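These notes concern the structure reproduced below.
These numbers come from the heavy atoms of this one structure, side chains and all, not from hydrogens, waters or symmetry mates. Note that the coordinates shown come from a computational prediction; the quantities given were computed from them, not determined experimentally. Labels below follow one simple rule: chain letters A, B, ... track the order of the sequence lines, proteins then strands, and each chain is numbered from 1.
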There are 2 protein chains.
Amino acid sequence: MSFRYFILGLLTQQPMSGYDVKRFLESFAWLIGSPSFGSVYPTLHALLEDDLVTVDVVQNEGKPPRKIYSITQAGRHALQEWIGQPVDPDASLKAFLMRLILASNLSRAGLIAHLQQRRAQVAVYLDSLEQVVEAPAETTGLGQRLAFDYGMAAATTEIAWLDRTLERLS
Amino acid sequence: MSFRYFILGLLTQQPMSGYDVKRFLESFAWLIGSPSFGSVYPTLHALLEDDLVTVDVVQNEGKPPRKIYSITQAGRHALQEWIGQPVDPDASLKAFLMRLILASNLSRAGLIAHLQQRRAQVAVYLDSLEQVVEAPAETTGLGQRLAFDYGMAAATTEIAWLDRTLERLS
DNA sequence: TCACTCATGTAATTGGTTACATGATTAG
DNA sequence: CTAATCATGTAACCAATTACATGAGTGA
């Protein structure tokens, strides 16, 4: 479900082929992962079926013809609507970043709201972690303690990054 | 890779019911996500089928009886073997943390190797990001730039955390 | 010569969620 | 008197991966 709209969102920046989409997504693989071809082609077909995109077949010497997909007005509308609906309070980092990339294409205010929302969520998590870590539970193994420690470090930097970014944007 | 081995690994710490497993996993939900009951119960059944765990049914006033699963010798062996095999070079953060939690239950040397491996991977990623960011490409949107910026911040703290942790462990 | 990039696609299978059913007990 | 917690489970569904097929061009 989420890659569907993410791919649709990429097409707001410029028309692309399935292959292009995959290459683009690859550059974010470390952050959000990248779907396989067996996923992106059918997704594009489904988008086409729903009239959210159009195809433009471009002939290509020797190689198979490239199929360039463009977003339609209906597609933009569907995307806008999807972005508008509220975010799941315990959405993953991946979901946050995907929305971040999409939100920036649409409205500055929406982008800022999204960052603020994320900040609140991470703060809540950081709080709960501090309680867990400070509690004198002796039932936790080394691995758990390391993972919690990692979580605190990650959450702390994320909040710092969010604050820095929010300041830069206003 | 999946939750199969992760759940099996939890049972090395102590015998647990499916409900316990889920609760435990919940505390790591922010970091690695938590599977639903519709996933953990069948996983436990499959583990039992393969003789990697045993059940112990404990009667429970009014409530349904608790089914306490314990890891078997074969289970420990399978887990050891699984952890022994090489890690995918572009494994996700989630995969890294899952292995981290498991590795700590087994051998100190393996844990350290795992952290070092991760450090090398993150360093490679950080390097590639710096090249992308420094390149004067004007084709990237605001969202992309923000995501890359986030990636750099996250990778930098992760490396710092890994170094700190490795030092503490030796 | 071998492997990789470009470029599309389909089919089988996996791994997981959602939504259900059951039912006593406790907290607001 | 309602909602949540405890506690198990199944079945329908869905997203995505894996593995395949096709085939020319390029670089080591």
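Rounded to whole Å, the distance from CZ on A:Phe6 to P on D:dA15 is 17 Å. B:Gln59 has its CD atom 15 Å from the P atom of C:dA24, to the nearest Å. Atom CZ of A:Arg66 and atom P of C:dC6 are 10 Å apart (whole Å). As rounded to whole Å, 11 Å separates atom P of C:dG16 from atom CZ of B:Arg4. Straight-line distance from the CG atom of B:Asp88 to the C1' atom of D:dT18: 14 Å, rounded to whole Å. For the pair B:Met98 CE and C:dG16 C1', the computed distance is 13 Å after rounding to whole Å. Straight-line distance from the CG atom of A:Asp90 to the P atom of C:dT17: 13 Å, rounded to whole Å. Rounded to a whole Å, the CZ atom of B:Phe3 is 12 Å from the C1' atom of C:dT17.
Residues B:Phe6 and B:Leu25 are in side-chain contact: their nearest non-hydrogen atoms beyond the backbone lie under 4.5 Å apart. With a 4.5 Å cut-off on side-chain heavy atoms, A:Tyr5 and A:Ile83 do not count as touching. Counting only heavy atoms from C-beta outward, the side chains of A:Tyr69 and A:Asp20 never approach each other to under 4.5 Å. Put simply, the side chain of A:Leu31 does not reach to within 4.5 Å of the side chain of A:Lys94, judged on heavy atoms.
Listed by residue number, the members of residues 15-28 of chain B with any heavy atom below 4.0 angstrom from DNA chain C form an empty set. Of the residues in residues 34-56 of chain A, those lying under 4.0 Å from DNA chain D by heavy-atom distance are A:Ser34, A:Pro35, A:Ser36, A:Gly38, A:Ser39.
Looking at B:Asp163 and B:Arg168, no side-chain N of the basic residue comes within less than 4.0 Å of a carboxylate O on the acidic one, giving no salt bridge. With respect to the salt-bridge test (charged N to carboxylate O, under 4.0 angstrom), the residues A:Arg118 and A:Glu158 qualify. The existence of a salt bridge linking A:Asp56 and A:Lys67 is excluded, since no basic side-chain nitrogen approaches an acidic carboxylate oxygen closer than 4.0 Å.
Listed by chain and residue number, B:Thr12, B:Ile71, B:Gln73 satisfy the side chain to side chain contact (heavy atoms under 4.5 Å, CB included) test with B:Arg76 (two or more places apart in sequence, or in another chain). Partners of B:Val58 according to the side chain to side chain contact (heavy atoms under 4.5 Å, CB included) rule, which considers only residues two or more places apart in sequence or in another chain, are B:Ile68.
Residues B:Leu8 and B:Val87 fall into different hydrophobic clusters, defined by Ile, Leu, Val, Met, Phe, Trp and Tyr side chains chained together at heavy-atom separations under 4.5 Å.
Listed candidates were C:dG23, C:dG9, C:dG16. Nearest to the side chain of B:Pro64 is C:dG23.
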List the atom pairs, donor and acceptor, that lie under 3.5 Å between side-chain atoms in residues 39-55 of chain B and the rest of the protein, sequence neighbours left out.
residue: B:Thr43; atom: OG1; partner: B:Ser39; partner atom: O; Å: 2.6
residue: B:His45; atom: ND1; partner: B:Tyr41; partner atom: O; Å: 3.4
residue: B:Asp50; atom: OD2; partner: B:Arg4; partner atom: NH2; Å: 2.8

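An OP1 or OP2 oxygen of C:dC6 is reached within less than 4.0 angstrom by no side-chain nitrogen or oxygen of A:Asn60.
Each end of the helix from C:dT1-D:dA28 to C:dG28-D:dC1 gets its own axis from five base pairs, and the two axes differ in direction by 50°, given to 10 degrees.
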